Amino acid sequence: MVRLKKHLLAEVDGDQSTAPLSMYCFMTGLIDSVTFSAIFVWCAFQTGNSLQLALALARLFSGQHDHSFHIADRQALCSVLTFIFGAFIGRIGDKLGCKTRLWLALGTFIQTLFTMAAAIAIWQSHQGSVADVRANPAWTNVSSFVCVGFLSASMGLQGIMGKRVNTQFTTTVVLTTTWCELMADPKLFDIRRMVISRDHKIMAIGSLFFGGFIGRLLIDSIGSAATLGIGTGIRLIVSVWWLFVPEKQAGK
């Protein structure tokens, strides 16, 4: 038991966490492809959702007398609030050790449960997977809001966990900063050797892009619920994966 406890409470080596963090980025692309295809809302990228709420508030003062709370604005608000809730759960890692194998495995398992709950909710909603136009979203009932909430919470939790590992993958959910840092990297064109600060950012961007690509292919083939079911399985694998990431060496 002493050896097991020591193993679980050891901090992982961020430089050797590339694989699970790449899968985090992949899951960002996969999950956002599901929600954007259905309701044009990004569960991971809260900049757009926050601005959408600001525009909704501005309509009250535009002279158009539009006081309705549009479905798109409700979905954006649901995503923002539950994302914050998921990120708040991530603070549990401060108690257990935000870089320990125990917290990284446990936190990813919580993400797995959230994704599973979202898959069940959208399956029970009996709604479609793809919206033709923004004004006519595919998801409109209560079960779909539950799905959006659980997916956004999982992204909030993933984001704070990725940030606390403190690698070139940053939060694993927002790539605007990653793109800027990549373009500003002084060794961007030093192609004769590996450069972690550059190469890991490229991996993060590529993984997210690939996740979105695969997500849309799966949505068109098997629907949102089954796609999220596959995402649940991937997150479960990553949960176990963290237990085998090498620990950080003393003085490194």
Side-chain angles (χ1 to χ4, degrees), residues 11-36 40-55 76-77 79-91 93-94 98-99 103-104 107-108 111 114 148 151-191 193-216 231 234-235 238 242 245 248:
E11 292 191 355
V12 300
D13 186 344
D15 292 339
Q16 299 191 61
S17 302
T18 303
L21 290 174
S22 293
M23 293 309 300
Y24 268 17
C25 294
F26 176 88
M27 285 304 303
T28 299
L30 182 77
I31 287 178
D32 270 337
S33 70
V34 172
T35 56
F36 188 79
F40 300 98
V41 166
W42 307 106
C43 280
F45 311 143
Q46 295 304 324
T47 302
N49 294 334
S50 300
L51 183 57
Q52 183 173 332
L53 294 175
L55 297 178
L77 179 61
S79 181
V80 170
L81 292 179
T82 50
F83 183 94
I84 294 171
F85 170 73
F88 184 78
I89 293 176
R91 298 188 69 88
D94 295 342
C98 57
K99 296 183 182 181
W103 167 240
L104 291 169
T108 307
Q111 296 172 34
F114 284 168
V148 172
L151 290 180
S152 298
S154 75
M155 286 287 98
L157 177 55
Q158 177 185 305
I160 195 170
M161 290 177 64
K163 179 63 176 178
R164 292 294 171 82
V165 177
N166 193 28
T167 66
Q168 299 299 326
F169 287 84
T170 61
T171 65
T172 73
V173 298
V174 180
L175 293 189
T176 303
T177 302
T178 306
W179 273 111
C180 292
E181 290 179 351
L182 176 63
M183 293 300 102
D185 195 313
K187 298 181 180 179
L188 178 62
F189 298 109
D190 189 359
I191 60 175
R193 61 192 179 94
M194 292 187 64
V195 179
I196 290 180
S197 62
R198 175 200 62 198
D199 298 343
H200 284 189
K201 290 184 179 73
I202 293 174
M203 290 181 65
I205 294 168
S207 296
L208 188 144
F209 183 90
F210 186 60
F213 175 76
I214 294 297
R216 184 55 195 242
I234 293 173
R235 275 189 158 156
V238 177
W242 279 117
V245 174
K248 185 176 181 180

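All values below come from the heavy atoms of this structure, side chains included, with hydrogens, waters and symmetry mates left out. Everything quoted here is computed from the prediction, not taken from an experiment.
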In Å and rounded to the nearest 0.5 Å, what is the [atom1] to [atom2] distance from [X] to [Y]?
{"X": "Thr35", "Y": "Leu151", "atom1": "OG1", "atom2": "CG", "value": "7.0 Å"}
{"X": "His200", "Y": "Cys25", "atom1": "NE2", "atom2": "SG", "value": "11.5 Å"}
{"X": "Asp199", "Y": "Thr18", "atom1": "CG", "atom2": "OG1", "value": "10.0 Å"}
{"X": "Cys98", "Y": "Ile160", "atom1": "SG", "atom2": "CD1", "value": "9.0 Å"}

Open item on the list: Tell me every residue that passes salt bridge (charged side-chain N to carboxylate O under 4.0 Å, His left out) with Arg164, counting only those two or more places apart in sequence or in another chain.
Closed with: Asp94

Open item on the list: List the residues meeting salt bridge (charged side-chain N to carboxylate O under 4.0 Å, His left out) with Asp190, not counting sequence neighbours, and say none if there are none.
Closed with: Arg193

- [ ] Please lay out, stage by stage, how Thr108 and Tyr24 fare under the test side-chain contact (heavy atoms from CB on, under 4.5 Å).
- [x] CA-CA 9 Å; Thr108 307; Tyr24 268 17; 2.6 Å; yes

Atom of [X], atom of [Y] and distance for their closest heavy-atom approach:
{"X": "Val245", "Y": "Pro20", "value": "CG2-CG, 4.1 Å"}
{"X": "Ser152", "Y": "Cys43", "value": "OG-SG, 3.3 Å"}
{"X": "Leu104", "Y": "Lys99", "value": "CD1-O, 3.8 Å"}
{"X": "Trp103", "Y": "Gly90", "value": "CZ2-O, 3.7 Å"}
{"X": "Ile31", "Y": "Ser154", "value": "CD1-OG, 4.1 Å"}
{"X": "Arg198", "Y": "Ile191", "value": "NH1-N, 3.9 Å"}

Just so I know, are the side chains of [X] and [Y] near enough to count as touching, which here means a heavy-atom distance under 4.5 Å?
{"X": "Phe45", "Y": "Thr28", "result": "yes"}
{"X": "Phe114", "Y": "Thr82", "result": "no"}
{"X": "Met161", "Y": "Gln111", "result": "yes"}
{"X": "Lys248", "Y": "Val12", "result": "no"}
{"X": "Ile84", "Y": "Val80", "result": "yes"}
{"X": "Glu181", "Y": "Thr170", "result": "yes"}
{"X": "Ile205", "Y": "Thr178", "result": "yes"}

Any residue meeting side chain to side chain contact (heavy atoms under 4.5 Å, CB included) with [X], in chain and number order, not counting sequence neighbours:
{"X": "Ser197", "value": "Gln168, Asp185, Val195, Lys201"}
{"X": "Thr167", "value": "Leu21, Val165, Phe169"}
{"X": "Ala76", "value": "Asn49, Gln52, Leu53"}

Open item on the list: Please evaluate residues Val238 and Phe26 with respect to the criterion side-chain contact (heavy atoms from CB on, under 4.5 Å), reporting the C-alpha separation (whole Å), side-chain torsions for both, the decisive distance (0.1 Å), and the verdict.
Closed with: CA-CA 11 Å; Val238 177; Phe26 176 88; over 6 Å; no

Task: Donor-acceptor contact present, side-chain Ser33 to main-chain Leu30, <3.5 Å - done: yes

Open item on the list: Applying the side-chain contact (heavy atoms from CB on, under 4.5 Å) criterion to Thr172, which one of Gln158, Lys163, Met27 satisfies it?
Closed with: Gln158

Task: Residues forming a ring pair (Phe, Tyr, Trp, His ring centres under 6.0 Å) with Phe83, sequence neighbours excluded - done: none

Task: CE (Met183) with more than 12 external heavy atoms under 6.0 Å - done: yes

